[in-house]
*Asks:* 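Okay, here's the structure, questions in a sec.
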Protein chains: 2
Amino acid sequence: MTASRPAKETHQVERRRRPRGAVRDGLVAAGLELARTGGPDAVVLREATRMVGVVPNAAYRHFADRDELLAAVCAAAMDELAARMAAGVARVPGRHGDPDAARGRLGAIGTAYLAFAREEPGLFATAFALPHQHAYGIPDTATGPDRTGPESTGPESTVQDRTPLGQLRTALDELADAGLLDRSRRDGIEYPVWATVHGLAVLAGSGPLRDVPEAARHHLDELIFGFIQDGLAGG
Amino acid sequence: MTASRPAKETHQVERRRRPRGAVRDGLVAAGLELARTGGPDAVVLREATRMVGVVPNAAYRHFADRDELLAAVCAAAMDELAARMAAGVARVPGRHGDPDAARGRLGAIGTAYLAFAREEPGLFATAFALPHQHAYGIPDTATGPDRTGPESTGPESTVQDRTPLGQLRTALDELADAGLLDRSRRDGIEYPVWATVHGLAVLAGSGPLRDVPEAARHHLDELIFGFIQDGLAGG
DNA sequence: GTATTTAGTGGACGTTGTACACATTATCAA
DNA sequence: TTGATAATGTGTACAACGTCCACTAAATAC
């Protein structure tokens, strides 16, 4: 403390030498790792700062509070799910409109969804965890169109959205283009399909159907896919 | 302190005057109220003891730790769901085997399920919240038949189980008895049906489809029920 | 009536989220 | 270049939580 700014080469704490936004990104990445092994509740602010190598309060320069960090982590987890789905779809060959390809891509979407839920239960739970904003308040009285409601598509859905629902919509549209899904049944059908796959993912992932043996798990998947096929074919 | 046991009527802290098991039951009831308004994370041990009027450590005479209390609260929440479903089914008139009654009872089950998820989001989330045993461990390697696997029914499913899955099974059996569900399609069909309803309950309750307006919500319900009907009818 | 179990109290510790004051570096105007 | 201002990290502190330990009074068993 004698000199005003002495020996800068020794080891002056190396304060603030990280590139811009590195701490923020690091916190999200750390939170993602915590979420991967422990779900949303495991993303604890202090632990994340510890992993990044900063003091706990440093996080508050980048996030208003823990919930805002968690929100970023949730978004990252959702992105990872979307990426896996897109990768699975991309692996299916065949031009648009080809019935086999259309079927294959829809199947790939469902498979990727279930695989993610099974292989990364923590991230899956985190992706769908609402950051405790006010969590479970009064049933809500006419909330405006704030959050992702029925996925407000643009004028004509020009740019494809990578969200799970967006990818599902694309696959179902192709199924209709290929003549495998009656146009009169297309409208809104994405919700029952999504609900069915998501329901199985939740029930078998962290719900009452967790720890059913691997064989039965596969059987459940087949049951679900068959059920969806029947639902798409219609009565 | 002069007499060995003086003035018992004054105000000697009124220690231990509660009936047997009252504290335990009170803790679960308190936890249930906390869960009702805040979900599983809101069931905090100290707050529950405060509501019951005992010191925090008193809880440890009845539960090994917070997770064990939470487990009891989860079971209570699941019971409430089951009770609502049973009540809904009981409201539908008609003898066993009557097609209208069979359809009505299956519908009542789904309706009660969705209504519970919508009216009591905290309890619904709690009912399906696994108490953080080790939560999201390694994907599990051949776990034995410990937890509620595929709902091990007795020899011939003599006594009806009130669990949601049990009630759904009963309704589907009746549907088959009434000739509305092909016997060849009955086996295992409860899982896709459950998954579909549960998926919608989760997505619309605390998931990305929360805060869709009331009207669209009803439309979603109809879509789901129609989809299930088609799935039951088969291709 | 005494001994033993049961069920509550009191105090303490470590961890968490977060607020306030402070210090240092980056950015930009003069 | 210099000096103001914003951005970003540090330190200290506090309340609340889950949980541990020692102690004590009531209920029960012998």
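Convention: sequence-line order gives letters A, B, ...; per-chain numbering from 1.
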*Asks:* Suppose we call a contact any N or O donor and acceptor under 3.5 Å apart; does that hold for the side chain of A:R61 and the base of D:dG9?
*Replies:* yes
*Asks:* If the condition is side chain to side chain contact (heavy atoms under 4.5 Å, CB included), which residues does B:A86 pass it with, not counting sequence neighbours?
*Replies:* B:R162, B:Q167
*Asks:* So, using side chain to side chain donor-acceptor pair (under 3.5 Å) as the criterion, who are the partners of A:D25 when residues are at least two apart?
*Replies:* none
*Asks:* Please list, in numerical order, the residues of residues 41-50 of chain B that have a heavy atom closer than 4.0 Å to any atom of DNA chain D.
*Replies:* B:V44, B:L45, B:R46, B:R50
*Asks:* A:D67 CG to C:dG17 P: how many Å, rounded?
*Replies:* 10 Å
*Asks:* Do the side chains of B:R118 and B:D221 get close enough for a salt bridge, i.e. N-O under 4.0 angstrom?
*Replies:* yes
*Asks:* The side chain of B:V23 lies closest to which of these nucleotides: C:dT18, D:dG11, C:dG8?
*Replies:* C:dG8
*Asks:* Does this structure show an ion pair linking B:R84 with B:E119, if we count only N-O contacts that are shorter than 4.0 Å?
*Replies:* yes
*Asks:* Under the side chain to side chain contact (heavy atoms under 4.5 Å, CB included) rule, collect the residues that match up with A:L223, sequence neighbours excluded.
*Replies:* A:H219, A:L220, B:P192
*Asks:* Just grab all the side-chain hydrogen bond (donor to acceptor under 3.5 Å, both in side chains) pairs involving residues 48-66 of chain B, residues at least two apart or on different chains.
*Replies:* B:E47-B:R50
*Asks:* So, is B:R24 close to the C:dA7 phosphate, meaning a side-chain N or O under 4.0 Å from OP1 or OP2?
*Replies:* no
*Asks:* Measure from CG on B:L34 to C1' on D:dC17 and round the result to the nearest Å.
*Replies:* 13 Å
*Asks:* Sequence neighbours excluded, which residues qualify as salt bridge (Lys or Arg N to Asp or Glu O under 4.0 Å) partners of A:D79?
*Replies:* none
*Asks:* Indicate, yes or no, whether a donor-acceptor pair under 3.5 Å links the base of C:dG11 to the side chain of B:N57.
*Replies:* yes
*Asks:* Contact list please: residues 70-77 of chain A against DNA chain D, heavy atoms, distance less than 4.0 Å, in numerical order.
*Replies:* none
*Asks:* Suppose we screen for side chain to side chain contact (heavy atoms under 4.5 Å, CB included). Which residues come up paired with B:E33, at least two apart in sequence or across chains?
*Replies:* B:R36, B:M51
*Asks:* Return the set of residues passing ring pair (Phe, Tyr, Trp, His ring centres under 6.0 Å) with B:F124 (not counting sequence neighbours), or none when no residue passes.
*Replies:* B:Y113, B:F128, B:H198
*Asks:* B:R66 has an atom CZ; how far is it from atom C1' of D:dC17, in whole Å?
*Replies:* 10 Å
*Asks:* Give a yes/no answer on whether the side chain of B:H62 brings an N or O atom under 4.0 Å of OP1 or OP2 in C:dT6.
*Replies:* no
*Asks:* Between B:Y60 and D:dC20, is there a contact of a side-chain N or O with OP1 or OP2 at under 4.0 Å?
*Replies:* no
